Amino acid sequence: MIIAVDGPTASGKGTIAKQLAAHYGLKRLDTGALYRAVGLAVIDAGGDPADQDAAVAAAERLDLGAIDEARIRSSVAGMAASAVAAIPAVRAVLRRAQRAFASDPAGAVLDGRDIGTVICPDADVKLFVAASLPVRTQRRLAELVGRGERISFAELEAQIAERDRRDTERADSPLRPAPDAHLLDTTDLSIEAAAEAARRIVDTALARPGA
Ligand code: CDP
């Protein structure tokens, strides 16, 4: 079984994907981590994440098993990720890695921006997770502050709005719900309530005749 979970920054998709993977005994790929790792690698090498040659070279060198989980979560890595993610040649390299992960017969949960539309258009269940901009900003602020990063609500809100804009307006694989995705708005939901709602959606979809 393949479960595709898409949505904008801090919508709750990562938490939902993690919980679905644990609940159904599936492995999970956080595809945003790939873009973050590529963006950070370019910055670490002193390059510009918008530079196609540098970003493609970093994507080709990416080792999924060697991603530095702590460092890729910074807001700087997030901005770099959305810059490299706008480069079609980078997306093509990372598409291969994501599809290879999803081709395991044991199934998987993948979360990102274009899983249901581009990476796994035949996924068994697709979720599109949303939440209001202020609520997403508050969630991400708590995460970043918890990690010792200093950033104001206003600055972070502007960054998230800018990433939303880049993600939805880019020509290659823009962020949008697949026509057959189930929408889940987590604005007023706790983590547990959102996870439960996601499980209900998956269980209902799997119980459909022919599923
Ligand atoms: O959840 P959050 O926005 O913090 O970040 P993420 O999911 O780790 O993704 C970081 C960036 O990578 C996003 O802003 C997107 O630009 C890009 N991305 C993408 O284009 N396609 C994906 N499947 C996943 C992430």
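Just so you know, these numbers come straight off a predicted model, no measurement behind them. Atoms within a ligand are numbered from 1 in the order they appear, just like the ligands themselves.
- Residues of the protein with a heavy atom under 4.0 Å from ligand 1 are Thr9, Ala10, Lys13, Thr31, Gly32, Tyr35, Arg36, Ala81, Ser82, Ala85, Arg91, Gly112, Arg113, Asp114, Arg140, Arg163, Asp167, Arg170, listed by chain and number.
- Between the side chains of Ser82 and Arg166, a donor-acceptor pair is found at a separation under 3.5 Å.
- Its side chain within the 4.5 Å cluster rule, Ile43 clusters with Val76 among the Ile, Leu, Val, Met, Phe, Trp and Tyr residues.
- Applying the side chain to side chain donor-acceptor pair (under 3.5 Å) rule to pairs touching residues 133-148 yields Arg136-Asp164, Arg139-Thr186, Arg140-Glu143, sequence neighbours excluded.
- For the residue pair Ser75 and Glu149, a side-chain donor N or O sits within less than 3.5 Å of a side-chain acceptor on the partner.
- Evaluation of the salt bridge (Lys or Arg N to Asp or Glu O under 4.0 Å) rule for Asp185 yields no partner, not counting sequence neighbours.
- Taking all atoms of both residues into account, the shortest heavy-atom contact from Leu62 to Ala37 is CD1-CB, 3.6 Å.
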